[in-house]
Amino acid sequence: MPDAPVLYVLNGPNLNLLGEREPEIYGRETLADVQALCERASPGWTVIFRQTNHEGVLIDWVQEAQTRAAALVINPAAYTHTSIALLDVLKTLSIPIVECHLSDPATREAFRRHSYVALVAAKTVAGHGARSYELAVRAAVELAQERGLA
Ligand code: CA2
């Protein structure tokens with residue numbers, strides 16, 4: 001039996017607080033709930049699901065994804081709007097990248113309207129709460145299959 005294809009789902013700063021604060025913006029699900037949802041949305045795949053509060057760690061994991069994964073779903077949280085370092089590493093990937101947000105940053109404060117990640121993402125899913133992850137995972141699986149990576 002061939003190995004199951006691998007999907008990386010990476011989460012940026014403060015998303016460890018999911019379900020504890022600001023439920024009116026981010027919903028009531030915890031990050032563990034989101035992980036379970038991602039696993040359910042990608043049967044037959046191995047999901048590597050991680051969260052960090054540190055930009056350099058996120059960059060290390062993106063580099064790792066290139067060597068191990070067939071696709072990447074990323075919610076870089078506030079680094080979406082600030083990190084050229086993250087953009088630079090994402091540009092090096094040959095696997096499909098799907099950008100994912102719980103809220104819709106385009107309808108919030110002006111400083112959230114620009115996304116560096118959108119410049120390299122094959123698709124962006126935003127504004128559906130935890131369901132954004134389900135849609136993003138499905139899109140990432142489909143893109144990897146279309147490109148013959150899984
Ligand atoms: O909507 C999203 O998923 C965001 O990526 C969330 C980021 C925000 O900076 C982006 O503009 C949009 C913030 C993540 C903070 O997560 C929290 C979760 C629960 C409680 C407090 C913060």
Side-chain angles (χ1 to χ4, degrees), residues 5-43 45-144 150:
V6 174
L7 173 69
Y8 269 49
V9 181
L10 300 180
N11 296 281
N14 298 310
L15 285 164
N16 55 309
L17 300 175
L18 208 57
E20 289 175 27
R21 315 258 165 81
E22 302 188 87
E24 64 291 352
I25 301 176
Y26 299 117
R28 295 197 179 276
E29 289 89 351
T30 65
L31 206 56
D33 295 332
V34 171
Q35 177 171 1
L37 193 149
C38 290
E39 284 163 359
R40 276 202 304 276
S42 55
W45 284 62
T46 297
V47 177
I48 306 293
F49 188 96
R50 297 184 189 153
Q51 186 275 331
T52 179
N53 290 330
H54 305 279
E55 187 175 13
V57 173
L58 193 59
I59 289 165
D60 286 343
W61 289 347
V62 171
Q63 290 186 10
E64 189 184 298
Q66 171 59 29
T67 66
R68 302 201 185 149
L72 169 67
V73 170
I74 187 163
N75 181 352
Y79 293 142
T80 306
H81 318 295
T82 62
S83 180
I84 296 170
L86 181 62
L87 170 62
D88 284 343
V89 72
L90 289 171
K91 273 184 172 171
T92 70
L93 298 198
S94 55
I95 58 172
I97 302 163
V98 178
E99 176 184 6
C100 176
H101 299 286
L102 296 150
S103 67
D104 184 358
T107 63
R108 298 178 61 192
E109 304 94 326
F111 60 81
R112 295 187 203 274
R113 286 188 201 139
H114 179 261
S115 165
Y116 285 106
V117 178
L119 300 175
V120 287
K123 188 179 169 116
T124 298
V125 182
H128 301 276
R131 205 171 126 71
S132 289
Y133 281 80
E134 183 184 334
L135 300 171
V137 164
R138 288 214 191 122
V141 164
E142 218 169 278
L143 284 162

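We count ligands from 1, going down the list as the structure has it; atoms in each ligand are counted the same way.
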Assess the residue pair Y133 and N11 against the criterion (side-chain hydrogen bond (donor to acceptor under 3.5 Å, both in side chains)); give the C-alpha distance rounded to whole Å, side-chain angles, the decisive distance to 0.1 Å, and a yes or no. CA-CA 11 Å; Y133 281 80; N11 296 281; 2.5 Å; yes

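- Between E142 and R138 there is no salt bridge, since no side-chain nitrogen of the basic residue lies less than 4.0 Å from a carboxylate oxygen of the acidic one.
- You'll find the side chain of I95 reaches within 4.5 Å of the side chain of Q66, heavy atoms only.
- Sorted by chain and number, the residues within 4.0 Å of ligand 1 by heavy atom are P13, N14, L15, L17, L18, R21, E22, Y26, N75, A77, A78, H81, H101, L102, S103, R112.
- Side chains of S103 and R108 form a contact here, defined as non-hydrogen atoms less than 4.5 Å apart.
- With a 4.5 Å cut-off on side-chain heavy atoms, V117 and Y79 do not count as touching.
- Between H81 and H101, the ring planes are parallel. Angles under 30° get that label, and only those over 60° would be called perpendicular.
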